[in-house]
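The next block holds one structure in the form of structure tokens; read it before the comments.
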Amino acid sequence: MKQFISAHDVQDIPALIRKALDYKANPWKDETLGKHKRIGCLFLNPSMRTRLSTQVAAQQLGMETVIFNVGNEGWSLEFEEGAIMNGTTVEHVKDAAPIMGNYFDILAIRTFPGLKDREADYGEHIIKQFIKYAGIPVLSLESATLHPLQSLTDLITITESWQATNNTSAKPKVVLTWAPHVKALPQCVANSFAQWVNAWGDADFVITHPKGYELSEEFTQGATIEYDQENALKDADFVYVKNWSAYSSYGTMPAFEGDWMLTNEKIGQTCNAKLMHCLPVRRNIELSDEILDGPNSIITQEASNRVWAAQAVISSLLQ
Ligand code: CP
């Protein structure tokens, strides 16, 4: 693997899931693979799980990690080619990235979208500029439109939970449901989940959301879109809950009808579905306490699996 910014960078998704579950069973099996190697983690935006799990994963491979909170502690970076830098940006990515390429063996980057200019965000300009100028493998820690480490984690979690139910002959029904939120959030997690589940192909996949919250077809193609949440939830084995802002009227929060927050009553329509969320979650806005603290929630298992996803990917980039 040369880079990890989307599902398209992975030749064999089931093999990567198996590799991650192998690390879960034996975390230190490759403890010298990354000896004398360094991963630089650049955070242009905040993180808890991604930052910590990437560090743990790299350490289990014998790598050194260097964290740089560029957003808070670094120079303001310029990404436009030919920019006349007479404004607030201090350093061009074409000067900064090659230096990082010399310091590190892998460059990991988190950069959120601005949610103002859809073309700019969906062009993935920032992470592409790092790929262009760093000269080393780039690992996405969540970019403007995708969150591949989260999605790989989600497939790992679905796989191990499904295997534990002894239902291994049939595909699980997986439902991605929109949930309310107090502010406009990126589409990254939902886009990425849709891209990975479709590329994986081992699920009956349904996406449900209010009208106006359609995701880009680039990612959803292959899934069933169902505007009626109750219909979508029927017989679900896994329900993935996530808010996102609108793609069409980009970055806005169109008004919607009905109550989209999950309740135990709605879960009663499912096949005793496991509940997933990438976290952080706004309790009693996106998801109720009764669901999050209830027996069907696998959010802690899911977040814990971030380590094994990161370890499988870093290991593949090193190899
Ligand atoms: N799910 C996720 O990416 O968590 P963080 O934002 O805390 O890294």
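In each ligand, atom 1 is the first atom listed, and ligand 1 is the first ligand listed.
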Original post:
Do you see a donor-acceptor pair shorter than 3.5 Å between the side chains of Glu124 and Thr145?
Top reply: yes
**OP:** May I ask you to decide whether Lys94 forms a salt bridge with Glu81, counting only side-chain N to carboxylate O separations under 4.0 Å?
**Re:** yes
**OP:** For ligand 1, note which part of Val189 has a heavy atom under 4.0 Å away: side chain, backbone, both or neither.
**Re:** neither
Original post:
In Å, rounded to the nearest 0.5 Å, how long is the span from CG of Leu44 to CG of Leu77?
Top reply: 6.5 Å
**OP:** Examine Arg51 against ligand 1 and note whether any of their N/O atoms are separated by less than 3.5 Å.
**Re:** no
Subject >> Option nearest atom 2 (C) of ligand 1 (shortest heavy-atom distance, choices Met48, Arg306, Glu142) >> reply: Arg306
Original post:
Within the side chain of Arg110, is there an N or O that forms a donor-acceptor pair under 3.5 Å with the backbone of Leu141?
Top reply: yes
Original post:
Can you find an N or O of Pro46 that's nearer than 3.5 Å to an N or O of ligand 1?
Top reply: no
Original post:
Which protein non-hydrogen atom lies closest to atom 3 (O) of ligand 1, naming both residue and atom, and how far is it?
Top reply: His147 NE2, 2.8 Å
**OP:** Would you give the length of the straight line joining atom OG of Ser316 to atom CG of Asp9, rounded to the nearest 0.5 angstrom?
**Re:** 11.5 Å
Original post:
Less than 4.0 Å between a side-chain N and a carboxylate O, is that true for Arg283 and Asp289?
Top reply: yes
Original post:
Which one holds for Arg110 and ligand 1: side chain close, backbone close, both close, or neither close, with close meaning a heavy atom under 4.0 Å?
Top reply: side chain
Original post:
At what distance is the nearest protein heavy atom to atom 4 (O) of ligand 1, and which residue and atom is it?
Top reply: Arg49 NE, 3.0 Å
**OP:** Mark up the atoms of ligand 1 that fall under 4.0 Å of a heavy atom belonging to Leu279, in ascending order.
**Re:** 1 (N), 2 (C), 4 (O)
